[in-house]
Number of protein chains: 2
Amino acid sequence: MNLTTAEENYLKAIYHLSDGGKKSVSTNDIAAEMKTKPASVSDMLRKLGDKEVIEYRKYYGVNITEEGKKRALQTIRKHRLWEVFLVDKLNFAWDEVHEVAEELEHIQSPLLIQRLDAFLDYPKFDPHGDPIPDEYGDVRARPRIPINEMEIDQSGQIVAVKDSSAAFLRYLDKVGAYIGARIKVLDKVEFDGSLEILVDQKKSIFMSKDVAGNILAIQS
Amino acid sequence: MNLTTAEENYLKAIYHLSDGGKKSVSTNDIAAEMKTKPASVSDMLRKLGDKEVIEYRKYYGVNITEEGKKRALQTIRKHRLWEVFLVDKLNFAWDEVHEVAEELEHIQSPLLIQRLDAFLDYPKFDPHGDPIPDEYGDVRARPRIPINEMEIDQSGQIVAVKDSSAAFLRYLDKVGAYIGARIKVLDKVEFDGSLEILVDQKKSIFMSKDVAGNILAIQS
DNA sequence: TTTATATTTTAGTCATGACTAAAAACGAAA
DNA sequence: TTTCGTTTTTAGTCATGACTAAAATATAAA
């Protein structure tokens, strides 16, 4: 049973909202995520239920089925492979890729994805550091650690922040430590745990242990 | 004014059927090309007329406008760039690319096409030897010549046949001289104009001047 | 010039995926 | 357990792009 583009997008949203199928998800939450109205979501849930990619009991939210999980992971795989292509091959910036990948992920051709995967040399993570599921839907997550836990000389990439207050993001922006930045730990001060970090191979910045503890990175 | 995917496909068909805007095109011909019914075509022509990409007079066929030509050429450009990508980078075979390119051509992102063009090193022709319009819609056609007019040691690629009868195509298939084959002229017999041709760098075949005159190639 | 035939358009229907307004069901508090 | 507010579903509508059947127009033949 094939899914339309709209159905694929709903399924992906349900997958994410359910935390990979672990929780059930409400109609209202899906509507918010998809930027549509709850009434439209109800219609779609009936269709997805008919296609057996979700388990749908009226008034009680939805659970994604095993088949649904597999489908969602395929879409996520395609999305992330295209992101790698856009950044690595076409020199897109880290934050320019999402919308285009959102379109590319719906191209229907298993051969295309197989070849693209090979062409990109079987990447395991996308430019945001998120893992790329393999063709069977298996995912190897890469641990994200606060950068104060990294060793001296260890390189990595900033992928998330714990504290996402405007003030903290403004601070990060100011020192140039944006999400996606490649970093290297130059020095750690034993006394107070503060760090010296090299950002994008050019700019060296200092930060306290507190700040560093709020910045998550993947190691490379 | 944006065009939907369906509208883009109709416009492209009209562009091709009208021989690049030189002739007017009938509803029936469009229906045949698009594999739909004439009634559906009528509906679409009204829409394309409203968007001023065609000039539509009921019962009298359509002419493509300058704006329409520009739009069609943009779509053709995208299609052919993706074909180059699929063949050159992802190792698709010459005859596997059309359907996938048919989907990829509708991705909406001028930046993507600009970057893809650069990544492919600004190709001027697609894998079928068809010219790729530039971003302003300008096209530099490459001459197609009957292979009996090629010189000895000249290489090229078969791109079309004049006689497309089943019998002739069967003959071509039998000797391995399919559309898309890379060829090289090994010898030309002065006496009767017959040729010896190397196909895909491995198979050598003989053909009469008559046969050769019906096979069109681009030189490389 | 009238008629016959082929082409094209209109009218009405269907599926998809959105919407609004109204009804129904749930769940928590009284 | 009844009520009240929130969530969710249903009913009815719209746009897109397809379809069939019927009507309208054009064109070629008599």
Side-chain angles (χ1 to χ4, degrees), chain A residues 1-15 17-18 23-64 68 71-72 75 99 102-103 105-108, chain B residues 1-15 17-18 23-64 68 71-72 75 99 102-103 105-108:
Chain A
M1 186 85 79
N2 280 334
L3 301 180
T4 66
T5 292
E7 287 167 344
E8 276 185 0
N9 283 332
Y10 270 96
L11 193 58
K12 200 165 50 120
I14 293 167
Y15 181 85
L17 290 171
S18 69
K23 302 186 299 212
S24 67
V25 183
S26 77
T27 300
N28 256 3
D29 288 351
I30 297 168
E33 176 77 14
M34 297 296 293
K35 289 170 184 150
T36 60
K37 303 290 163 180
S40 311
V41 174
S42 282
D43 284 350
M44 183 53 87
L45 293 183
R46 196 183 30 70
K47 288 179 208 159
L48 292 174
D50 290 348
K51 295 194 175 181
E52 298 182 6
V53 291
I54 60 170
E55 217 180 316
Y56 176 43
R57 281 183 51 216
K58 281 179 196 173
Y59 294 103
Y60 287 91
V62 294
N63 288 91
I64 198 162
R71 301 296 193 97
T75 306
E99 290 193 14
E102 206 66 26
E103 290 190 56
E105 75 186 10
H106 299 295
I107 305 287
Q108 300 290 357
Chain B
M1 186 86 79
N2 280 333
L3 301 180
T4 65
T5 293
E7 287 168 345
E8 275 185 1
N9 284 331
Y10 270 97
L11 193 59
K12 200 164 49 119
I14 293 167
Y15 180 85
L17 289 171
S18 69
K23 303 184 298 209
S24 66
V25 183
S26 76
T27 300
N28 257 2
D29 288 351
I30 297 168
E33 175 77 13
M34 296 296 294
K35 290 171 183 148
T36 60
K37 305 289 162 180
S40 311
V41 175
S42 283
D43 284 350
M44 184 53 88
L45 293 183
R46 195 182 33 72
K47 289 177 207 162
L48 292 175
D50 289 348
K51 295 193 174 180
E52 298 182 5
V53 291
I54 61 169
E55 218 180 314
Y56 177 41
R57 280 183 53 216
K58 281 181 195 174
Y59 293 102
Y60 286 91
V62 294
N63 287 93
I64 197 162
R71 302 295 192 99
T75 306
E99 292 194 12
E102 205 65 26
E103 292 190 55
E105 75 188 8
H106 300 295
I107 305 287
Q108 300 289 357

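Just so we're clear, the structure is a prediction, and the values are computed from it rather than from any experiment. By convention in this document, chain letters (A, B, ...) are assigned in the order of the sequence lines, proteins followed by strands, and residues within each chain are numbered from 1.
- When the P atom of dT8(D) is taken as reference, atom CZ of Arg57(A) falls 13 Å away, rounded to whole Å.
- OP1 or OP2 of dA6(C) has not a single side-chain nitrogen or oxygen of Asn28(B) nearer than 4.0 Å.
- Dashed line: the shortest gap from a side-chain N or O of Tyr59(A) to OP1 or OP2 of dT10(D) is not under 4.0 Å.
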Does the pair Lys51(B) and Glu7(B) meet the rule for a salt bridge (charged side-chain N to carboxylate O under 4.0 Å, His left out), with working shown? CA-CA 10 Å; Lys51(B) 295 193 174 180; Glu7(B) 287 168 345; 3.0 Å; yes
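- In this structure, the separation between CZ on Arg46(A) and NZ on Lys58(A) is 9.0 Å, given to the nearest 0.5 Å.
- Rounded to whole angstrom, the span from the CD atom of Glu8(B) across to the P atom of dG17(D) amounts to 11 Å.
- When the nearest nucleotides of DNA chain C are assigned to Lys35(A) and Pro38(B) by heavy-atom distance, the more 5′-ward of the two goes with Pro38(B).
- Asp43(B) comes within 4.0 angstrom of a base, heavy atoms only.
- The NZ-P distance, from Lys37(B) to dC14(C), rounds to 19 Å in whole Å.
- The structure places CD of Glu33(B) at 9.0 Å from CG of Asp29(B), a figure rounded to the nearest 0.5 Å.
- Regarding contacts with the backbone of dT9(C), every side-chain N or O of Tyr60(B) stays at 4.0 angstrom or more from both OP1 and OP2.
- Using a 4.0 Å heavy-atom distance criterion, Ala39(A) is classed as a base contact.
- Minimum interatomic distance between Thr27(A) and Ser42(A) (heavy atoms only, all atoms of both residues): CG2-OG, 4.2 Å.
- Distance from the side chain of Ser42(B) is smallest to dT10(C) among dT10(C), dT7(D), dA21(C).
- Separating the NE2 atom of His106(A) from the P atom of dG17(C) is a distance of 12 Å, rounded to the nearest angstrom.
- Position along DNA chain C of the nearest nucleotide to Lys47(A) versus Lys58(B) favours Lys58(B) as the more 5'-ward residue.
- Note on Ser40(A): a side-chain N or O is less than 4.0 Å away from OP1 or OP2 of dC19(C).
- Proximity of Thr4(B) to the phosphate of dG17(D): a side-chain N or O atom is located under 4.0 Å from OP1 or OP2.
- Atom CE of Met34(B) is separated from atom C1' of dA18(D) by 11 Å (rounded to the nearest Å).
- Put simply, CG on Leu48(B) is 9 Å from P on dG17(D), counting in whole angstrom units.
- Residues Thr75(A) and Leu11(A) have side chains not in contact (no heavy-atom distance under 4.5 Å, counting atoms from C-beta outward).
- Summarising the geometry, the separation between CG on Asp50(B) and P on dT16(D) is reported as 10 Å, rounded to the nearest angstrom.
- In this structure, Arg46(B) places its CZ atom 11 Å from C1' of dT9(C), rounding to the nearest Å.
- Checking the phosphate oxygens (OP1, OP2) of dT9(C), a side-chain nitrogen or oxygen of Tyr56(B) falls inside 4.0 Å.
- Nearest to the side-chain atoms of Thr27(B) among the listed nucleotides dC19(D), dT9(C), dT9(D) stands dT9(C).
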